[in-house]
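Structure first, commentary second.
Numbered from 1 within each chain, the chains take letters A, B, ... in sequence-line order. Values below: every heavy atom of this structure, side chains too, minus hydrogens, waters and symmetry copies.
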2 protein chains.
Amino acid sequence: MIKVVIIGSGNVAHHLVNAFAKSEAVDVVQVFSRNRETVSAEFNSVKISSDLDNLVEADLFIIAVSDDSVAEIASVISINDRFVVHTSGALTMDCLNTASRRGAFYPLQTFSKQRAVDFNNIPICLECENETDLELLKVVANAISDKVFIINSKQRKALHLSAVFVNNFVNHLYHIGNEICIENQLSFELLKPLIAETANKVMLLSPEEAQTGPAKRGDYQSIQAHLDIITDENQKKIYQILTQSIQNNGKEL
Amino acid sequence: MIKVVIIGSGNVAHHLVNAFAKSEAVDVVQVFSRNRETVSAEFNSVKISSDLDNLVEADLFIIAVSDDSVAEIASVISINDRFVVHTSGALTMDCLNTASRRGAFYPLQTFSKQRAVDFNNIPICLECENETDLELLKVVANAISDKVFIINSKQRKALHLSAVFVNNFVNHLYHIGNEICIENQLSFELLKPLIAETANKVMLLSPEEAQTGPAKRGDYQSIQAHLDIITDENQKKIYQILTQSIQNNGKEL
């Protein structure tokens with residue numbers, strides 16, 4: 001079994017520990033958490049350490065903490081040529097300490113502790129400084145996911161940016177839809193089948209093929225009617241910029 | 001059985017005919033299509049007419065055509081106090097001719113002919129001028145959907161606007177995510193599990209609770225890093241306006 005130490009106790013660390021627990025190729029030999037007590041119930045089958053200077057030895061150290069803590073933690077644990085990776089979409093490998101063999105292990109999903117995830121279906125994007133380490137990292141990733149991709153730091157950053165558009169920003173449009181419903185005594189339940197179908201459609205069609213609506217049709221009467229009933233200036237601005245963007249097919253004029 | 005004539009042969013008409021075909025309460029006695037040939041194969045169990053002046057009599061006439069053709073068709077068929085409804089989210093009942101009893105029958109979903117839909121799960125929003133007609137319309141709607149709502153014209157317009165945000169605009173953000181992927185030699189497949197989970201999350205959490213990301217966290221370093229790698233000015237403008245909107249919780253400052 002490949003021995004792995006996981007640094008962190010947030011959402012990503014939590015789901016990684018659970019996913020590896022079901023695998024036969026990877027053994028999580030230790031989890032680091034600043035606060036041992038809060039996570040001991042959650043990770044009851046794994047040894048927890050709250051001392052970065054006293055980690056057990058392992059084939060791989062996965063740093064799964066917030067972006068701004070990665071470098072600091074890496075500088076402490078990067079001793080003895082350890083193999084250290086981070087799980088961040090936004091960071092290059094350079095933020096890791098050069099005393100270690102370095103890499104990235106980026107699972108592309110939105111995690112929250114209260115929602116179970118099927119890791120099998122989550123793309124894991126790998127990057128490594130050297131080929132031997134990459135082979136090891138592939139085995140670790142394949143132990144929990146069928147979707148393993150090798151991408152470089154520049155691609156990972158671009159992917160992280162795409163994820164902001166299709167996750168953070170999309171969710172915010174759901175929020176605006178909900179706000180308009182609330183303002184008009186309508187239940188958000190009304191929108192749920194449409195939200196589901198909109199996501200389902202692009203599993204089979206490209207977003208370009210799936211595009212419909214007044215902006216796509218050039219139906220200026222409907223566009224004006226919508227602008228007339230939007231009461232919030234921020235919503236109006238978003239409506240206008242996205243309508244125009246659809247008409248330019250998402251490109252600068 | 002309640003006798004229904006459906007005017008139109010587009011996506012909505014197509015799916016309505018199919019849905020009613022499975023119901024035991026509603027009989028589609030005729031479909032009107034300008035071009036009889038193109039739809040005869042599709043609607044092989046239903047009589048097709050291409051002459052608006054020679055429709056059979058029925059308990060209900062559903063006009064399922066593009067918004068700008070509704071009034072014209074209504075003016076032709078609104079004779080003999082017929083009960084006439086349209087399927088538009090954007091139109092009030094006023095666009096229908098006063099010679100008829102009027103109403104709206106708005107199924108809130110994105111339809112395309114090549115995708116099967118489960119009408120049971122599609123909200124149908126009803127409005128009527130009088131109570132007796134509303135009762136009939138409820139029976140017709142319940143024959144194909146478990147989700148029947150009574151809403152007024154103002155609410156229907158607001159709902160239609162919400163739908164633009166959670167469907168048209170959301171799909172456009174998928175498109176931008178895809179564009180960024182293409183630019184960086186990344187497969188859109190990478191984003192699909194995230195797109196699915198983003199939609200699934202708001203089936204249980206409110207969009208406000210589900211919101212994550214740099215804008216929500218106030219992580220200005222990540223925001224700046226994203227702005228630095230966006231090459232398209234239109235995408236940059238959208239990134240900025242949606243980031244700011246998340247920080248204002250979707251409201252005008």
Side-chain angles (χ1 to χ4, degrees), chain A residues 90 108-110 121-123 155 157-159 161-181 184 186 190-199 202-203 207-208 210-213 215 222 225-226 229 232-234 237-238 241-242 245-246 248 250-252, chain B residues 90 108-110 121-123 155 157-159 161-181 184 186 190-199 202-203 207-208 210-213 215 222 225-226 229 232-234 237-238 241-242 245-246 248 250-252:
Chain A
L108 180 57
Q109 187 50 284
T110 167
N121 194 33
I122 295 177
Q155 287 176 309
K157 280 187 176 186
L159 193 56
L161 172 64
S162 301
V164 167
F165 277 92
V166 306
N167 169 253
N168 300 166
F169 291 168
V170 159
N171 185 75
H172 186 60
L173 296 184
Y174 297 159
H175 173 67
I176 291 176
N178 188 25
E179 290 287 302
I180 296 169
C181 282
N184 290 278
L186 292 162
L190 276 158
L191 295 179
K192 287 183 178 176
L194 182 61
I195 286 172
E197 175 66 6
T198 305
V202 292
M203 301 299 142
E208 199 169 344
Q211 190 66 55
T212 57
S222 294
H226 285 153
I229 62 169
D232 182 277
E233 282 306 314
N234 177 51
K237 233 163 48 179
I238 293 172
I241 197 173
L242 289 176
S245 182
I246 290 172
N248 304 341
K251 287 285 175 192
E252 185 182 356
Chain B
L108 180 56
Q109 188 49 282
T110 168
N121 193 35
I122 296 177
Q155 288 177 308
K157 282 188 176 187
L159 193 56
L161 173 64
S162 301
V164 168
F165 277 92
V166 306
N167 170 253
N168 300 166
F169 291 168
V170 159
N171 186 76
H172 186 61
L173 296 184
Y174 297 158
H175 173 67
I176 291 177
N178 188 25
E179 290 286 302
I180 296 170
C181 282
N184 291 277
L186 294 161
L190 276 158
L191 294 179
K192 287 182 177 176
L194 182 61
I195 286 173
E197 175 66 8
T198 305
V202 292
M203 301 299 142
E208 200 169 343
Q211 190 65 55
T212 57
S222 293
H226 285 154
I229 62 167
D232 182 277
E233 282 306 313
N234 178 53
K237 232 164 49 181
I238 292 173
I241 198 174
L242 289 175
S245 183
I246 289 172
N248 304 339
K251 288 284 175 194
E252 185 182 356

Query - Which atoms of B/E179 approach chain A - backbone, side chain, both or neither, heavy atom under 4.5 Å - result: side chain
**Report entry** Region of B/A225 in contact with chain A, defined by heavy-atom distances below 4.5 Å
**Finding:** neither
**Report entry** Worked verdict on A/L159 versus B/N184 for side chain to side chain contact (heavy atoms under 4.5 Å, CB included)
**Finding:** CA-CA 8 Å; A/L159 193 56; B/N184 291 277; over 6 Å; no
Taking the side chain as every heavy atom from C-beta outward, state whether [X] and [Y] have any atom pair closer than 4.5 Å.
X: A/V164; Y: B/L242; answer: no
X: A/L108; Y: B/L191; answer: yes
X: A/M203; Y: B/I195; answer: yes
X: A/V166; Y: B/N178; answer: no

Query raised in the report: Quick one: do the A/N171 and B/T198 side chains pair a donor with an acceptor below 3.5 Å?
Result: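 There is no such pair between these side chains.
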From [atom1] ([X]) to [atom2] ([Y]), nearest 0.5 Å:
X: A/E197; Y: B/N167; atom1: CD; atom2: CG; result: 9.0 Å
X: B/C181; Y: A/L161; atom1: SG; atom2: CG; result: 9.5 Å
X: A/F165; Y: B/H172; atom1: CZ; atom2: NE2; result: 9.0 Å

Query raised in the report: Between A/A215, A/A158, A/S222, which shows the greatest number of heavy-atom pairs under 4.5 Å with chain B?
Result: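 Ranked by contacts with chain B, first place is A/A158.
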**Report entry** Selection from A/Q109, A/K157, A/E208 maximising heavy-atom pairs under 4.5 Å formed with chain B
**Finding:**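 Greatest number of close heavy-atom pairs with chain B: A/Q109.
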Highest number of heavy-atom pairs under 4.5 Å with chain A: which of [options]?
options: B/T110, B/L194, B/I180; value: B/L194
options: B/A163, B/S245, B/A90; value: B/S245
options: B/I229, B/L190, B/T212, B/I176; value: B/L190

Query - Closest heavy-atom pair and its distance - B/I246, A/F169 - result: CD1-CD2, 3.8 Å
Query raised in the report: If you take all heavy atoms of B/P123 and A/P193, which pair is closest and at what distance?
Result: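 That closest heavy-atom pairing would be CD-CG, 3.6 Å.
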Query raised in the report: Is a side-chain donor or acceptor of B/Q155 paired with a backbone partner of A/L186 at a separation under 3.5 angstrom?
Result: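 Not at all, since once roles are kept as given, no pair shorter than 3.5 Å links the two residues.
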Report task. Sort A/A196 into side chain, backbone, both or neither according to what part of it lies under 4.5 angstrom from a heavy atom of chain B. Result ->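 When you check distances to chain B, atoms from both the backbone and side chain of A/A196 fall under 4.5 Å.
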